[in-house]
Amino acid sequence: MEIGFIGLGLMGEPMALNLVRAGTPLVVWSRTAGRSETLRAAGAKVVTSPAEVFQRVRVVFLMLADGAAIDSVLGRGTARFEANVARRVIVHMGTTSPDHSSGLEADILAAGGGYVEAPVSGSRDPAKAGRLVAMLAGRLAAIEEVRPLFRPMCHETVVCGPVPSALLMKLSVNLFLITMVTGLAEAVHFADRHGLDLRLLLDVLDSGPMASGVSRVKALKLVERDFGAQASVADVLMNNRLIAEAARKAGLASPLLDVCHALFGETLALGHHHSDMVTVVRAIEARTGSTQGAQE
């Protein structure tokens, strides 16, 4: 049975490649045509429009940037929407607001389709390795139909309950990730400006109780000044905004997140839109420069 995959960006491309390499017959489309060539070479069927994907398959994975991109691809709000989603299962793997996902599910169900909310935890390297974690929400029958399809992409799938519980889980995980990596960037900056050997700092971190897959990868990137994107500054800022909105809606304080929001906004203003999230160290360095300048 052919499966559809729409969205071949930083995360979508390696995820789709893992499906093809595992033998999944895949039909793919990307807004940027050149991104499809790697999939074509791997054996995927590349089509020229989202409509062609929907015409050929029952299950369609969406790995798109935001709610507007999803609505556009599905034709939501137009006559095309019902034709695209009826009798199909739409699997939303990106990160949007919980409210958007809840509304999307209602519209798809009303049009006679099925819907699974399935955001993933992990960046580009885990995506390449098939080591993502998928959080699933929706009606149980739809979840059970698509859950086996995640195996080439994800080493774990966790059923979270009804929509939008998977996206709320993803936002909870990302809150921890954002604040942890920002703290790590500040720690490396602190050690560097005190003249410490940063390689020794890596050894201490890796040997201690705070070591993790994230700390090992991100600390090394900071020490080597490697700002190539695994999760971009722009994407992190978008996630930060979604978490803050969900917190405000529930009347929750998010003091650490609010500081990170300001720092990532400053990082973006410095021109690091497509750089990795560790580039937040640039904003910290800029604040240090401002403080030192004021003291002189």
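FYI, the numbering just counts along the sequence from 1.
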Roughly how far, to the nearest 0.5 Å, is the NZ atom of Lys221 from the CG atom of Asp276?
4.5 Å
Sorted by chain and number, sequence neighbours left out, ring-ring contact (aromatic ring centres under 6.0 Å, His included) with Phe5 holds for none
Minimal non-hydrogen separation, Leu17 against Leu39, with atom names
N-CD1, 3.8 Å
Looking only at non-hydrogen atoms, find the nearest pair between Met135 and Cys160 and report the distance.
CB-SG, 3.7 Å
Tell me whether Glu245 is salt-bridged to Arg241, with the criterion being a basic N under 4.0 Å from an acidic carboxylate O.
yes
Set of residues satisfying salt bridge (charged side-chain N to carboxylate O under 4.0 Å, His left out) with respect to Arg56, sequence neighbours excluded
Glu2
Residue among Ile143, Leu149, Val120, Leu136 satisfying side-chain contact (heavy atoms from CB on, under 4.5 Å) with Thr157:
Leu136
Which salt bridge (charged side-chain N to carboxylate O under 4.0 Å, His left out) pairs, counting each pair once, include a residue from residues 22-35, with sequence neighbours left out?
none
When clusters are formed from ILVMFWY side-chain contacts under 4.5 Å, directly or step by step, what else is grouped with Leu104?
Ile6, Val27, Trp29, Val47, Val53, Phe54, Val57, Val60, Leu62, Leu64, Ile70, Val73, Leu74, Phe81, Val85, Ile90, Ile108, Tyr115, Val163
Can you name the nearest heavy-atom pair linking Ser30 to Leu8, along with the distance?
CB-CD1, 3.8 Å
Let me confirm one number: the CE-CE distance from Met277 to Met180, rounded to the nearest 0.5 Å.
8.0 Å
Do Glu224 and Arg199 meet the salt-bridge criterion of a basic N to acidic O distance under 4.0 Å?
yes
Verify whether one side chain among Asp71 and His100 offers a donor that lies under 3.5 Å from an acceptor in the other.
yes
Could I get the full list of side-chain hydrogen bond (donor to acceptor under 3.5 Å, both in side chains) partners for Glu266, not counting sequence neighbours?
Arg287
Considering only residues two or more places apart or on different chains, which pairs with a residue in residues 126-161 satisfy ring-ring contact (aromatic ring centres under 6.0 Å, His included)?
Phe61-Phe150
Just by distance, with hydrogens left out, do Thr288 and His189 show a side-chain donor and acceptor under 3.5 Å apart?
yes
Measuring from atom OG1 of Thr95 to atom CG of Asn174, what distance do you get when rounded to the nearest 0.5 angstrom?
6.0 Å
